[in-house]
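Numbers for residues simply follow the sequence, beginning at 1. Each ligand, and each atom within it, is numbered from 1 in the order the structure gives.
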Amino acid sequence: TASVEEQQFTDLIAADSRIEPRDWMPDAYRKTLVRQISQHAHSEIIGMQPESNWITRAPSLKRKAILIAKVQDEAGHGLYLYSAAQTLGTSRDEMTDALIAGRARYSSIFNYPAPSWADIGSIGWLVDGAAICNQVPLCRASYGPYGRAMVRICKEESFHQRQGFEILLELMQGTAAQREMAQESVNRWYWPALMMFGPPDDDSPNSAQSMKWKIKRHSNDELRQRFVNMLVPQAAVLGVTLPDPDLRFNEATQLYDLGEIDWTEFHEVLAGRGPANAQRLQRRRDAHDDGRWVREAAAAYAHKMAAKPAT
Ligand code: ACO
């Protein structure tokens with residue numbers, strides 16, 4: 001028989017209510033949330049790299065200003081999410097240590113390079129577009145601090161997605177070389193963006209339990225499908241081709257049938273053997289080392305202020 005606390009937890013979940021940091025929760029629920037939220041936070045932080053790389057090379061002052069704002073938003077998302085994970089009893093230092101030691105996951109997508117300016121468009125349109133599809137339902141996640149953090153994050157992601165779309169639109173209305181650059185970039189990002197939703201449902205060990213707990217509201221394949229349904233009309237407006245020869249509308253299901261995703265590539269990236277895994281992690285380690293003096297100075301200052309008598 002369930003304890004009173006356990007019954008309360010079950011009732012709150014059944015009522016679509018929220019679990020808050022001080023509420024009792026099963027250890028496995030806590031562990032799953034720390035896993036997902038910390039991975040999500042790390043993704044935001046590592047995700048700054050492919051784009052910040054382009055800040056000095058953005059083609060105009062306007063593009064530079066937009067890109068700086070966007071990269072800064074990603075840093076903010078990482079910080080909200082680390083804070084949400086901290087309410088579950090895991091310290092920021094522990095999470096950071098796991099990331100720089102290479103023990104923590106972050107989204108597969110950030111292990112791909114961004115060699116052309118059009119990639120900034122594709123990252124906004126496809127990567128942030130996929131992020132929104134995945135994250136809008138997370139605004140209703142059963143854990144309060146996570147769901148609430150997602151609300152603001154989704155609003156900002158929506159701006160990111162539009163700025164990416166607009167970069168591609170401008171390129172597609174430009175010269176033949178610009179159109180070619182945009183299409184080439186979409187060709188590289190399309191499949192990895194579909195992989196962001198995670199493995200297929202029959203190979204997703206965490207989904208069933210996370211859905212019972214109402215952390216996840218939809219399966220990986222459902223959200224991937226929703227994303228493609230959203231992309232097809234947008235691709236038509238842009239005039240780009242989605243690089244899947246098997247993509248077609250299925251009258252019977254009223255959904256798009258997709259070609260086969262290369263899950264071997266996905267597992268290689270997860271195993272640390274993607275095109276930019278080593279570089280991303282090294283950059284994060286260097287940034288952590290370079291920031292040591294700032295952390296030390298902040299700690300020394302906090303110590304000094306704590307020792308001062310109140311005035
Ligand atoms: N990249 C890296 N790892 C992944 C990915 C991915 N795209 N998809 C799944 N995985 C990992 C899972 O973390 C899990 O590994 P773990 O058990 O070691 O944690 C394993 O593959 C099996 O996957 P699932 O059982 O399907 O895992 P889960 O139920 O957690 O679903 C998902 C994965 C959909 C990514 C979920 O964790 C989620 O919604 N996370 C929040 C969103 C997020 O992290 N977004 C980050 C990218 S978007 C951005 O930052 C702009």
> Should you measure from each heavy atom of Y146, which atoms of ligand 1 turn up under 4.0 Å away?
Replying inline: 41 (C)

> Contact between H77 and ligand 1, counting heavy atoms under 4.0 Å?
Replying inline: no

>> Using heavy-atom distances only, which candidate in S108, S43, G129 approaches atom 1 (N) of ligand 1 most closely?
In response: S108

> Any protein heavy atom sitting closer than 4.0 Å to atom 32 (C) of ligand 1?
Replying inline: no

Distance-only check: which donor-acceptor pairs under 3.5 Å involve side-chain atoms of residues 269-277, not counting sequence neighbours?
| from | atom 1 | to | atom 2 | distance (Å) |
| --- | --- | --- | --- | --- |
| R273 | NE | E268 | OE1 | 2.9 |
| R273 | NE | E268 | OE2 | 3.4 |
| R273 | NH2 | E268 | OE2 | 3.1 |
| N277 | OD1 | G274 | N | 2.8 |
| N277 | ND2 | V269 | O | 3.0 |

> Other than V4, what residues sit in its cluster of Ile, Leu, Val, Met, Phe, Trp and Tyr side chains whose heavy atoms are under 4.5 Å apart, directly or through others?
Replying inline: none

>> Using a 4.0 Å cutoff against the non-hydrogen atoms of F197, which atoms of ligand 1 qualify?
In response: 34 (C)

> Should the proximity of N220 to ligand 1, defined as any heavy atom under 4.0 Å, be assigned to the side chain, the backbone, both, or neither?
Replying inline: side chain

>> Quick check on side-chain contact (heavy atoms from CB on, under 4.5 Å): which of Q163, R162, E170 does E166 satisfy it with?
In response: E170

> Is S204 in polar range of ligand 1, meaning some N or O pair under 3.5 Å apart?
Replying inline: yes

> How far is atom 28 (P) of ligand 1 from its nearest protein heavy atom, and which residue and atom name does that atom have?
Replying inline: K216 NZ, 3.4 Å

> If we only count N/O pairs under 3.5 Å, is Q39 in contact with ligand 1?
Replying inline: yes

> Is there a nitrogen or oxygen of D128 sitting under 3.5 Å from a nitrogen or oxygen of ligand 1?
Replying inline: no

> Q225 and D221: side-chain donor and acceptor closer than 3.5 Å?
Replying inline: no

> Once the angle between the rings of F227 and F197 is folded into 0 to 90°, is it parallel (under 30°), tilted (30 to 60°) or perpendicular (over 60°)?
Replying inline: tilted

>> Heavy atoms only, cut-off 4.0 Å: how does L270 contact ligand 1, side chain, backbone, both, or neither?
In response: side chain

> Which atoms from ligand 1 have a heavy atom of Q135 less than 4.0 Å away?
Replying inline: 45 (N), 48 (S)

> Just heavy atoms, cut-off under 4.0 Å: does F266 contact ligand 1 by side chain, backbone, both, or neither?
Replying inline: side chain

>> Side chain, backbone, both or neither: which applies to H40 and ligand 1 if a contact is any heavy-atom pair less than 4.0 Å apart?
In response: both

> Between M196 and ligand 1, which residue portion shows a heavy-atom distance shorter than 4.0 Å: side chain, backbone, both, or neither?
Replying inline: both

>> Between ligand 1 and P205, is the shortest N or O to N or O distance under 3.5 Å?
In response: yes

>> For ligand 1 and R35, I'd like to know whether there is a polar contact (N/O to N/O, distance under 3.5 Å).
In response: yes

